[in-house]
Amino acid sequence: MPGKPKKACIVGSGNWGSAIAKIVGYNAARLPQFDDRVSMYVYEELINGKKLTDIINETHENVKYLPGHKLPSNVVTIPDIVEAAKDADILIFVVPHQFVRTLCSTLLGKIKPTAIGLSLIKGFDQAEGGGIELISHIIKRQLQIRCAVLMGANLAGEVADEKFCETTIGCKDSRMKPILRDLIQTEYFRVVVVDDEDAVEVCGALKNIVACGAGFVDGLNLGDNTKAAVIRLGLMEMIKFVDVFYPGSKLSTFFESCGVADLITTCYGGRNRRICEAFIKTGKSIKQLEDELLNGQKLQGPYTAEEVNFMLKTRDMENKFPLFTAIFRICSGQLQGNELIDCIKNHPEHMKSKLPSRTVYSKL
Ligand SMILES: NC(=O)c1ccc[n+]([C@@H]2O[C@H](COP(=O)([O-])OP(=O)(O)OC[C@H]3O[C@@H](n4cnc5c(N)ncnc54)[C@H](O)[C@@H]3O)[C@@H](O)[C@H]2O)c1
Ligand SMILES: O=P(O)(O)OC[C@H](O)CO
């Protein structure tokens with residue numbers, strides 16, 4: 001016997017939150033296993049004196065974070081997180097990572113104990129005893145629910161335009177896999193589900209650091225070859241990071257959309273790249289540029305670089321990740337942008353071939 005249709009709630013309504021609401025609303029309306037009505041938690045703000053929740057419910061458009069795209073009418077916005085989430089069977093977390101802990105504290109004990117989570121949030125948070133904590137782990141621990149992740153080469157505007165792309169769901173739980181895939185997949189948004197939950201999430205967070213490096217390269221007009229080198233070295237540091245801190249993960253995960261593909265799209269079309277290019281060109285602070293250029297949208301890369309550096313420093317491992325380290329130091333003003341390449345010229349990846357030294361060579 002088919003069970004009761006499952007209710008979905010989208011926790012977040014930014015650029016990506018609104019684009020995914022379009023997909024989830026579409027699938028919820030057409031598939032019998034889901035309840036038609038999708039609730040969306042909106043952090044309330046006034047736009048020209050009118051509440052954003054009211055604007056979205058009346059016009060079906062998030063005029064601030066995803067202008068020019070209609071959301072399905074079965075997506076209903078609610079400014080109270082508890083009200084939005086209380087009946088949900090599936091909670092889709094898609095807020096900037098800095099707001100997750102507070103939202104989870106508010107939701108504690110107020111959601112269905114059987115609810116499952118899906119985190120679309122790219123970023124880490126600082127762990128209480130030092131180091132970093134994955135956002136999906138915070139959700140699992142604080143709310144005592146299962147939580148999978150979705151990461152991929154998914155610039156929100158292009159997804160909302162229904163341009164073809166792929167994404168990766170990292171999910172170990174075989175009962176959750178088909179539910180999440182069916183809720184998210186469309187003909188233009190193709191889902192691949194893998195077991196490697198942690199590695200998928202770490203890819204989504206770390207690629208934002210590399211995007212900052214790509215932005216510096218663009219700001220310095222260093223060209224496409226240098227940018228490709230930064231992307232490659234970034235990929236190698238991402239692989240090493242997962243190898244060292246999340247042992248048992250699979251190399252194949254890096255060849256899913258969450259890995260190489262997201263790295264490429266981010267380093268060409270993302271907000272982190274854009275702001276870091278402007279950082280070099282204008283000399284303004286990253287915070288100022290975020291406020292001036294992103295109209296309320298939030299950056300993840302510079303924060304993630306700081307969190308990763310905090311962990312690497314306490315473990316005396318900064319020199320094992322020279323690109324991540326240089327990017328953090330440039331973002332925090334400890335280095336000039338044009339020192340990026342000097343910092344990575346002797347990257348460990350360049351030392352692997354172990355050719356004979358010049359002295360040995362001259363004796364051959
Ligand atoms: N935008 C993209 O293209 C994209 C694509 C894939 C993944 N992501 C990831 O999705 C996550 C969410 O990003 P986004 O692009 O949807 O958001 P965003 O940066 O567009 O928007 C910021 C959001 O934060 C909300 N907000 C502001 N203050 C708040 C508070 N105190 N409490 C709660 N919410 C508050 C705003 O209302 C807004 O909805 C991030 O981790 C991002 O890396 C983004
Ligand atoms: O705009 P960015 O830099 O936050 O990147 C957006 C997405 O993560 C790309 O997949």
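For ligands, and for the atoms within them, numbers begin at 1 and follow the listed sequence.
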Q: Considering only non-hydrogen protein atoms, determine which one is nearest to atom 19 (O) of ligand 1 and report residue, atom name and distance to 0.1 Å.
A: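 Looking at atom 19 (O) of ligand 1, the protein heavy atom closest to it is Lys298 N, 2.7 Å.
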
Q: Got a sec: does the CG of Asp316 have more than 12 other heavy atoms crowding it under 6.0 Å?
A: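 Result for CG/Asp316: open.
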
Q: How far is atom 30 (C) of ligand 1 from its nearest protein heavy atom, and which residue and atom is that?
A: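 Among all protein heavy atoms, the one nearest atom 30 (C) of ligand 1 is Tyr43 CE1, 3.3 Å.
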
Q: How close does the nearest protein non-hydrogen atom get to atom 10 (O) of ligand 2, and which residue and atom is it?
A: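 Nearest protein contact, heavy atoms only, for atom 10 (O) of ligand 2 is Asp262 OD1, 2.6 Å.
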
Q: Of Lys140, Lys177, Arg146, Lys250, which is the lone residue that meets salt bridge (Lys or Arg N to Asp or Glu O under 4.0 Å) with Glu197?
A: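 Among Lys140, Lys177, Arg146, Lys250, the one meeting salt bridge (Lys or Arg N to Asp or Glu O under 4.0 Å) with Glu197 is Lys140.
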
Q: Please state which protein non-hydrogen atom is closest to atom 11 (C) of ligand 1 and give its distance, to 0.1 Å?
A: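 Here the closest protein heavy atom is Val95 O, 3.9 Å.
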
Q: Just go through Arg271, Gln300, Lys207 and tell me whose heavy atom is the nearest to atom 5 (O) of ligand 2.
A: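 Selected option, by shortest heavy-atom distance: Lys207.
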
Q: Among Val100, Asn154, Ile20, which residue places a heavy atom closest to atom 5 (C) of ligand 1?
A: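 Going through Val100, Asn154, Ile20 one by one, Asn154 has the nearest heavy atom to atom 5 (C) of ligand 1.
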
Q: Would you check whether Ala153 has a nitrogen or oxygen atom less than 3.5 angstrom from a nitrogen or oxygen atom of ligand 2?
A: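 Among all N and O atoms of Ala153, none is under 3.5 Å from an N or O of ligand 2.
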
Q: Just say parallel, tilted or perpendicular for the rings of Phe321 and Phe241, cut-offs at 30° and 60°.
A: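 Perpendicular: the ring planes of Phe321 and Phe241 meet at over 60°.
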
Q: In terms of residue, atom name and distance, what is the protein heavy atom nearest to atom 16 (O) of ligand 1?
A: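 The answer is Trp16 N, 2.9 Å.
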
Q: Would you say Gln334 and Ser332 are linked by a side-chain donor-acceptor pair, where the criterion is simply a distance under 3.5 Å?
A: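 Ser332 vs Gln334: donor-acceptor pair found between side chains.
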
Q: Could you check whether Gln300 and Asn272, counting side-chain N and O atoms only, form a donor-acceptor pair closer than 3.5 Å?
A: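 Checked: Asn272/Gln300 side chains show no N/O donor-acceptor pair below 3.5 Å.
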
Q: With under 30° as parallel and over 60° as perpendicular, where do the rings of His97 and Tyr303 fit, or are they tilted in between?
A: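 Perpendicular.
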
Q: At what distance is the nearest protein heavy atom to atom 41 (O) of ligand 1, and which residue and atom is it?
A: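 So the nearest neighbour among protein heavy atoms is Lys122 N, 2.9 Å.
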
Q: By the definition salt bridge (Lys or Arg N to Asp or Glu O under 4.0 Å), identify the one residue from Lys7, Lys112, Lys6 that meets it with Asp89.
A: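 Running salt bridge (Lys or Arg N to Asp or Glu O under 4.0 Å) over Lys7, Lys112, Lys6 with Asp89 returns exactly one hit, Lys112.
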
Q: At what distance is the nearest protein heavy atom to atom 3 (O) of ligand 2, and which residue and atom is it?
A: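 Checked against all protein heavy atoms, atom 3 (O) of ligand 2 sits closest to Asn272 ND2, 2.8 Å.
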
Q: Does NZ in Lys313 sit with more than 12 non-hydrogen atoms of other residues, nucleotides or ligands closer than 6.0 Å?
A: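 12 or below, so no.
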
Q: With a cut-off of 4.0 Å, which atoms of ligand 1 are near a heavy atom of Gly296?
A: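 So the answer, numbered in order with elements, is 22 (C).
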
Q: Charged N to carboxylate O under 4.0 angstrom, Lys284 versus Glu292?
A: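 Here Lys284 pairs with Glu292 in a salt bridge, since their nearest N and O are under 4.0 Å apart.
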
Q: So, does Pro96 sit close enough to ligand 1 that a heavy atom of it is under 4.0 Å from the ligand?
A: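 A heavy atom of Pro96 does come that close to ligand 1.
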
Q: Looking at Lys240 and Glu237, is there a salt bridge between them, counting it only when a charged N and a carboxylate O are closer than 4.0 Å?
A: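 Answer for the salt bridge query: no.
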
Q: Going by the atom numbers of ligand 2, which of them fall below 4.0 Å from some non-hydrogen atom of Gly152?
A: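 Answer for ligand 2: 10 (O).
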
Q: Show me which atoms of ligand 2 lie under 4.0 Å from any heavy atom of Lys122.
A: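 Checking each atom against Lys122, I get 7 (C), 8 (O), 9 (C), 10 (O).
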
Q: Any atoms of ligand 1 less than 4.0 Å from a non-hydrogen atom of Leu155? List them with their elements.
A: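 Close to Leu155: 3 (O).
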
Q: Could you go step by step and tell me if Arg37 and Asp35 meet the salt bridge (Lys or Arg N to Asp or Glu O under 4.0 Å) rule?
A: CA-CA 6 Å; Arg37 188 177 185 275; Asp35 194 291; over 6 Å; no

Q: Has Gly301 got any heavy atom lying under 4.0 angstrom from an atom of ligand 2?
A: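 No, Gly301 has no heavy atom closer than 4.0 Å to ligand 2.
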
Q: Just to confirm my output: which protein heavy-atom neighbour is closest to atom 9 (C) of ligand 1, and how far is it?
A: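 Result: Leu120 O, 3.7 Å.
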
Q: Using a 6.0 Å cut-off, check whether atom CD of Gln288 has over 12 heavy atoms from anything other than its own residue.
A: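 Enclosed: over 12 neighbouring heavy atoms sit under 6.0 Å from CD of Gln288.
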
Q: Among all protein heavy atoms, pick out the one at the shortest distance from atom 40 (C) of ligand 1; state its residue, atom name and that distance to 0.1 Å.
A: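 Looking at atom 40 (C) of ligand 1, the protein heavy atom closest to it is Gln300 NE2, 3.8 Å.
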
Q: Go through ligand 1 atom by atom and flag the ones less than 4.0 Å from a non-hydrogen atom of Ile121.
A: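 Atoms satisfying the 4.0 Å criterion: 41 (O).
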
Q: Using heavy-atom distances, let me know which of Lys64, Glu45, Arg271, Glu290 sits nearest atom 13 (O) of ligand 1.
A: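 It is Arg271 whose heavy atom sits nearest to atom 13 (O) of ligand 1.
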
Q: One pair to check against salt bridge (Lys or Arg N to Asp or Glu O under 4.0 Å): Arg141 and Glu133. What are the steps and the verdict?
A: CA-CA 11 Å; Arg141 187 170 47 71; Glu133 188 168 17; 2.9 Å; yes

Q: Among protein heavy atoms, which sits nearest to atom 20 (O) of ligand 1, and what does the distance come to when rounded to 0.1 Å?
A: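 Minimum-distance protein heavy atom for atom 20 (O) of ligand 1 reads Asn15 N, 2.8 Å.
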
Q: Can an N or O of Gly14 be found at a distance shorter than 3.5 Å from an N or O of ligand 1?
A: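 Yes, Gly14 has an N/O under 3.5 Å of an N/O on ligand 1.
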
Q: I'd like to know if the side chain of Asn208 pairs up with that of Thr304 as donor and acceptor (distance under 3.5 Å, no hydrogens or angles considered).
A: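 Side-chain D/A pair, Asn208 to Thr304: absent.
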
Q: Relative to the heavy atoms of Gly17, which atoms of ligand 1 are at a distance of less than 4.0 Å?
A: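 The list of qualifying atoms is 16 (O).
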
Q: Which atoms of ligand 1 have any heavy atom of Ala156 under 4.0 Å away?
A: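 Near Ala156, meaning under 4.0 Å from one of its heavy atoms, ligand 1 has 1 (N), 2 (C), 3 (O).
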
